[in-house]
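A short write-up of the structure that comes next.
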Amino acid sequence: MNDLTPTREQRTAALEGMGCKRKRVEDIRFTQGKGNYVDDVKLPGMLHGDFVRSPHAHARVKSINTDEALKVPGVLAVITAETLKTVNLAWMPTLAGDVQMVLADGKVLFQNQEVAFVVATDRYAADDGVSKVVVDYEALPVLVDPFKSMAPDAPVLREDLAGKTTGAHGPRKHHNHIFEWSVGDKELTDAAFNKAEVTIKEMISYHRTHPSPLETCQCVCSFDKIKGELTIWGTFQAPHVIRTVVALIAKLPEQKIHVISPDIGGGFGNKVGAYPGYICAAVASIVTGKPVKWVEDRIENLTATSFARDYHMTTEIAATKDGKVTGLRVHVLADHGAFDACADPSKWPAGFFNIVTGSYDFPVAHLTVDGVYSNKAPGGVAYRCSFRVTEAAYCIERAMDILAQKLGMDPAELRLKNFIRREQFPYHSALGWEYDSGDYHTAMRKMMESTDYAALRKEQAEKREAFKRGETREVMGLGVSFFTEIVGAGPSKNCDILGIAMFDSCEIRMHPTGAGIARMGTKSQGQGHETTWAQIIASEIGIPADNIMVEEGNTDTAPYGLGTYGSRSTPVAGAAIAMAARKIKAKAQMIAAYKLEVHEDDLEWDIDGFRVKGLPEKFMSMKDICWAAYNSVPPGMEPGLEAVSYYDPPNMTYPFGAYLCVMDIDVDTGVYKVRRFYALDDCGTRINPMIIEGQVHGGLTEAFAIAMGQEIRYDDGGNVVTGSFMDFFMPTAVETPRWETDFTVTPSPHHPIGAKGVGESPNVGGVPAFSNAVNDAFSFLGSTHIQMPHDYWRNWKAAKSLGVLG
Amino acid sequence: MAKIHVTMKVNGAEVEGLVEPRTLLVHFIRENLQLTGTHIGCETTHCGACTVDIDGMSVKSCTMFAIQANGSDITTIEGMANADGTLSHLQEGFRQMHGLQCGYCTPGMIVRAHRLLQENPAPTEDEIRAGIAGNICRCTGYQNIVKAIQYAAAKAKGVEFKEAAE
C-alpha cells in the first residue's frame with residue numbers, strides 16, 4: 001500500500017451503495033425528452049382505437065348502429081360486444097373474482113362505460129367514427145348512494161348475477177351485495193363495549209377519488225399472424241400478471257405473448273388492473289392484422305379506469321376513563337361501483353383493511369365489510385397505498401382524535417398511552433397481523449420535540465380564547481397522525497393474484513469486465529429503481545452501482561414478478577436482489593479461494609473483494625473475480641457468474657411514522673393555510689435518502705390533494721361532475737405546502753437488508769394529518785367530525801353549521 | 001379533410017408538413033416531427049406537460065392548432081440541451097436536486113422554467129411557484145423542482161447553489 005492506495009472510505013464511496021444520495025440514472029434521458037413512454041411507440045401501419053362511451057349511468061342498450069361510422073374515411077372497424085362474443089371476450093374476469101363487461105352487453109352500468117371500439121388510421125379519424133356510432137338507450141333508474149344499494153326496492157344492477165346467492169367471497173345478501181368480510185372476535189369485542197367506561201361512535205367516510213397519474217392508461221397491441229404472437233406495449237405496473245391474464249382469457253400460448261412496459265408516467269395504482277382498452281386493442285389487432293394503439297384521454301381516465309377509496313366506515317372505540325383503549329368495532333360499507341374490479345390480492349376482498357387497529361394495543365377488535373354495487377365506475381385500486389391501508393389508517397387516526405376529544409385528552413398523549421410498546425414486537429394484532437418491528441414512542445416524541453408541539457398547543461389555546469373574544473376570525477388546528485402501514489405483499493401463505501403467489505424476483509448476470517445487468521420482476525413508474533436497485537447490488541457485491549444496469553418491464557427477459565404497487569418493490573424485490581447478489585458472492589468466494597490458493601473459510605469480505613484473513617496483501621477484487629469467472633474457475637465448477645432469486649417474503653413489513661400538520665382556517669371564507677407540515681418516517685434501512693425524501697414529498701402532496709378537495713363526485717343522475725382537471729383538484733406549486741421531513745430507523749428483522757418500503761407512507765399518514773388538523777381547528781366550537789374533502793366551501797359550511805358566521 | 005402546408009422553425013431547424021386544419025400542434029410535433037419529448041397529460045390546458053416555447057412565450061401545445069404556429073419559432077425539450085450536447089443548467093438542476101420522478105411532466109416543466117428564467121433571472125421561491133403554476137407534477141410535490149430552478153438561476157450567475165436535494 002502507498003499514498004495512492006484508496007482508503008476504505010474512498011473504496012466504499014466509489015461504490016455508491018446503500019445509504020448514498022446517488023443521483024438518478026433515469027434523469028439523463030428524462031431531462032432531455034428522451035424517455036420512451038407508450039404513446040411514443042410508433043409502428044408501421046399502426047391504427048388507433050377510440051371508445052364510444054355511455055352518457056347514461058344506467059340504461060338498456062337497445063341497439064348499436066355502426067353503418068355511418070364505417071363510412072367515415074379512415075375508419076376500418078367498429079367492435080361491439082357482439083364482435084367480442086365471437087372470441088368469447090365480451091366479458092373479462094376481474095382481479096377480485098367478479099366479471100366485467102369489456103363492451104356494453106345489453107346494458108350500461110356507469111357513465112362513460114365502454115360501448116363500442118372504433119378502429120381507424122389515425123386518432124382523429126377514430127374520433128370522427130365515434131361521433132357517428134348511433135346507440136339507442138333506454139334509461140333505467142340510477143343508484144348512486146351506496147347506503148341505498150341494499151334497500152329492498154333498489155334497482156337490480158347486475159342482471160348477469162341473477163340467482164347467484166354466492167360470490168367469490170361468500171354469500172350475497174341482496175342483488176346489489178358483493179361480499180361480507182368479517183375479521184376478529186365479535187363476542188369478546190361486544191363484551192368489551194358492554195363494560196366500557198367510555199365509547200365513541202362515528203361514521204367516517206373516505207370519499208371516492210382517483211390516482212390520476214399524469215400519463216393516462218394506454219397500450220399498443222401488435223399481433224403477428226404468421227408467428228401467432230401478440231406483443232403489447234402498455235402502461236402496466238405488473239407486466240407479467242398482464243401476460244398471464246391475457247394467456248388465460250385470450251387462450252393464447254403464454255410464450256407467444258410479449259408484454260413490454262416501457263417508461264411509465266406515474267401509476268399510483270391506476271395501472272395495476274386490466275382495462276377494456278387493452279382487450280379491445282388486442283382484439284382489433286388480431287382482427288385487422290395491424291398494430292393498434294389505444295390512448296385514454298384525461299376525462300376517460302378520471303371517469304372509467306379505476307377510482308380509489310369510497311369507504312364508509314362506522315367506527316366505535318371502547319376505552320377506560322383514563323384513556324386506555326379496550327376494544328375496536330368497525331363496519332365498512334364499501335362502494336365498488338358497477339363491477340368488483342378491486343386490485344387486491346385475490347383472497348382479500350377488502351385488502352388489508354384489518355390493519356385498522358393501527359399503532360395501538362387493542363386487546364380485542366371486530367371488523368365487518370360489506371361490498372356493494374352502484375352505478376359508478378368500477379375499481380377500488382390502492383391509490384398510493386397498500387391495499388385499503390390508507391382507508392384503515394384514516395379510520396383509526398380520525399377515531400383516536402374523536403376519542404381524545406371526548407376524554408378531554410391531548411391527541412398525542414392518547415396515542416402515547418396506547419401505542420404498542422417496542423418490547424411487544426413482533427406484535428400480534430387483534431385482527432390477525434404480526435407486526436415485524438416498531439419504536440412508536442421514540443418516533444412520536446421526536447416529532448413532538450422537533451415541532452415544539454407543546455408550544456403549538458399553547459398558541460392554539462390562546463388563539464381560541466382570542467377567537468371567543470372576537471379578536472380574530474381564524475381558527476388553528478393541529479393534525480396529529482401516527483400511522484402503521486402493512487406493505488410488501490406478500491407471503492405466499494396468504495397472498496396471491498389469480499393463484500400466483502406474490503413473490504418477486506431478480507436475475508443478476510455479471511460480465512467479464514466487472515459490470516453486470518440486473519433484471520427485475522418489478523416496474524418503476526418514477527420510483528427510480530434503475531438507481532436504487534443498483535445501489536443494493538453495489539453494497540452486496542462490491543461492484544460500483546454505475547457498472548450495474550437495471551432492466552425492468554420486458555416479460556421476455558425479466559424473471560417472473562408481480563410488479564410494483566402496494567410499496568412491495570423494496571420489501572419483496574429488494575430482498576430478491578440481495579439474495580441473488582449473495583448467491584453471486586458465494587460463488588465469487590469459491591473462485592477467489594481457488595485463485596488465492598486458500599480455503600474459502602480463510603477469506604473475509606472487504607468492501608469490494610475478498611481478502612485472506614491475516615494476510616492483508618492477498619486480496620482479489622470482485623472485478624477480477626468477474627474476469628476469472630469466465631476463464632479460470634475451480635475444477636468442476638461451471639463458468640460464468642450469474643444468479644436468480646425468487647423471494648417469498650416470510651412476513652409483510654410495517655413502516656410507520658409520526659406526522660403533524662399545523663393549519664389556520666378563516667371561518668368567514670373557509671380558506672385554509674397549511675402553516676407547517678412535519679413528516680417523520682421510519683421505513684427501516686434507507687437505501688437512497690434523496691429518493692426517500694422525494695417519495696415523501698410526492699406522497700404528502702397527493703395526501704394534501706385528497707384530504708383538501710380531490711374527489712370523484714356524482715350527481716343524483718350518476719353524472720360525474722369532477723371529470724377533468726378543471727373540477728378535480730390537482731394542486732399546483734402555489735397551493736402545495738412546504739414539507740419538512742425527518743426519520744428514525746427501525747430495520748425489519750426479517751428482511752435481508754432491513755428495508756420496509758416508503759413510497760406510500762406519506763399518503764397513508766398524510767390524509768389523517770390534514771383531516772385531523774381541520775377537525776381539530778373546529779373542535780372547540782362543538783364539532784366532532786367533519787367529512788372530507790375539506791375544501792374552502794366545505795370549511796365555510798362547517799363554520800356556518802357551527803353557528804360562528806353571525 | 002383537406003390538408004394545409006405549414007412551415008416553422010423547430011429547435012433551430014426549418015421544418016414543414018401537411019396538416020388538417022384541426023391538427024393540434026402537439027400532435028404535429030409528436031407525430032409528424034417525431035419529437036416525442038413533448039407530452040400530453042390532460043388535453044384541456046391544465047397540466048402543462050405539452051408546454052413548448054413559441055416565439056419567446058410558453059405555450060401549451062395541446063390547445064393550439066398546428067396552422068396557428070405556421071411561421072413561428074419553436075423550442076421543445078429536445079432543443080434545451082447545450083450546443084455541445086451537455087445538459088443545460090436547468091436540466092442539470094433537475095437531476096442534482098431530484099426535481100423529477102416519473103419524468104412525464106419534466107419536459108414541459110423545463111421548457112416553462114427556461115422561459116421563466118429568461119423573464120426573471122433571479123426569481124424568489126414564490127415567483128418560481130407562481131411561474132410554474134401552469135404545470136402539474138404528480139410525483140415530486142414541487143419542492144425539489146423549485147430547488148432545481150434555483151440551482152439553474154444560481155449557475156447562470158456563475159455561483160454555486162448550496163442547497164442539497166431533500
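A quick note: this is a predicted structure, and the numbers were derived from the prediction, not measured. Chain letters run A, B, ... following the sequence lines, proteins first and then strands; every chain starts at 1. Computed from heavy atoms alone, side chains included, the values below leave out hydrogens, waters and symmetry copies.
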### Message
Using modelled atom types and a 3.5 Å cut-off, is there a donor and acceptor pairing between side-chain atoms of B:Arg129 and backbone atoms of A:Ala733?
### Response
yes
### Minimum heavy-atom distance B:Cys47-A:Leu214, with the two atoms named
CB-CD1, 3.7 Å
### Task
Measure the CZ-CZ distance between B:Arg95 and A:Arg24 for me, rounded to the nearest 0.5 Å.
10.0 Å
#### Entry: Under 4.5 Å from any heavy atom of chain A - which part of B:Ala133
both
### Task
Can you measure from SG (B:Cys137) to CE (A:Met730) and round to the nearest 0.5 angstrom?
11.0 Å
#### Entry: Which portion of B:Ile110 sits near chain A, non-hydrogen atoms under 4.5 angstrom
side chain
### Summary
Taking every heavy atom of B:Tyr104 against every heavy atom of A:Tyr37, the minimum-distance pair comes out as N-OH, 3.4 Å
#### Entry: Residue pair B:Pro107 / A:Gly33: nearest heavy atoms and the distance that separates them
CG-CA, 4.3 Å
### Summary
Under 4.5 Å to a heavy atom of chain B? For A:Asp39 that would be both
### Task
Identify which part of A:Arg29 has an atom lying under 4.5 Å from any heavy atom of chain B, answering side chain, backbone, both or neither.
neither
### Query
Where on B:Glu43 is there a heavy atom nearer than 4.5 Å to chain A: the side chain, the backbone, both, or neither?
side chain
### Task
Mind checking the CD-SG spacing from A:Glu702 to B:Cys139? Nearest 0.5 Å is all I need.
7.5 Å
### Query
Say you draw a straight line from NZ of A:Lys23 to CE of B:Met97; how long is it, rounded to the nearest 0.5 Å?
6.0 Å
### Query
Which residue out of A:Gly526, A:Gly528, A:Gly698, A:Ala705 racks up the most heavy-atom pairs below 4.5 Å with chain B?
A:Gly526
#### Entry: Region of B:Glu31 in contact with chain A, defined by heavy-atom distances below 4.5 Å
both
### Summary
Checking heavy-atom separations under 4.5 Å from chain A, one finds in residues 7-30 of chain B B:Arg22, B:Thr23, B:Leu24, B:His27, B:Arg30
### Message
Counting only non-hydrogen atoms closer than 4.5 Å, does A:Asp263 touch chain B with its backbone (N, CA, C, O), its side chain (CB onward), both, or neither?
### Response
neither
### Query
Counting heavy-atom pairs under 4.5 Å to chain B, which of A:Met726, A:Glu26, A:Lys34 comes out on top?
A:Met726
## Note on the structure
Turns out that what part of B:Leu87 lies under 4.5 Å from chain A's heavy atoms comes down to side chain
### Message
Using a 3.5 Å distance criterion without hydrogens, assess whether the side chain of B:Tyr142 forms a donor-acceptor pair with backbone atoms of A:Pro731.
### Response
yes
### Task
Name the region of B:Thr106, side chain, backbone, both or neither, that has any atom closer than 4.5 Å to a heavy atom of chain A.
side chain
### Task
For chain B, find which of A:Phe725, A:Phe704, A:Tyr124, A:Phe30 contributes the most heavy-atom pairs closer than 4.5 angstrom.
A:Tyr124
### Query
Where the side chain of A:Arg298 meets the backbone of B:Gly41, is there a donor-acceptor pair that is under 3.5 Å apart?
yes
### Query
Which answer fits A:Gln695, side chain, backbone, both or neither, if we ask what part of it has an atom under 4.5 Å from a heavy atom of chain B?
both
### Message
Let's go through A:Gln525 and B:Gln101 carefully: what are the C-alpha distance in whole Å and the side-chain angles of both, what is the deciding distance for side chain to side chain contact (heavy atoms under 4.5 Å, CB included) to 0.1 Å, and is it a yes or a no?
### Response
CA-CA 8 Å; A:Gln525 310 118 42; B:Gln101 290 179 28; over 6 Å; no
### Query
How many angstroms lie between CG in A:Asp40 and CD in B:Gln34, if you round to the nearest 0.5 Å?
10.0 Å
### Message
Using modelled atom types and a 3.5 Å cut-off, is there a donor and acceptor pairing between side-chain atoms of B:Arg138 and backbone atoms of A:Gly265?
### Response
no
### Task
Apply side chain to side chain contact (heavy atoms under 4.5 Å, CB included) to the pair A:Glu215 and B:His39, showing each step before the final yes or no.
CA-CA 8 Å; A:Glu215 176 203 40; B:His39 296 148; over 6 Å; no
### Toward chain B, the part of A:Pro737 with a non-hydrogen atom under 4.5 Å
backbone
### Task
Applying side chain to side chain contact (heavy atoms under 4.5 Å, CB included), run through A:Lys42 and B:Thr36 and close with a yes or a no.
CA-CA 10 Å; A:Lys42 296 184 201 319; B:Thr36 54; 4.1 Å; yes
### Summary
Taken to the nearest 0.5 Å, the spacing of B:His98 NE2 from A:Glu693 CD works out to 9.5 Å
### A:Trp739 backbone acceptor or donor facing B:Gln143 side chain under 3.5 Å
yes
### Task
Sort A:Thr31 into side chain, backbone, both or neither according to what part of it lies under 4.5 angstrom from a heavy atom of chain B.
both
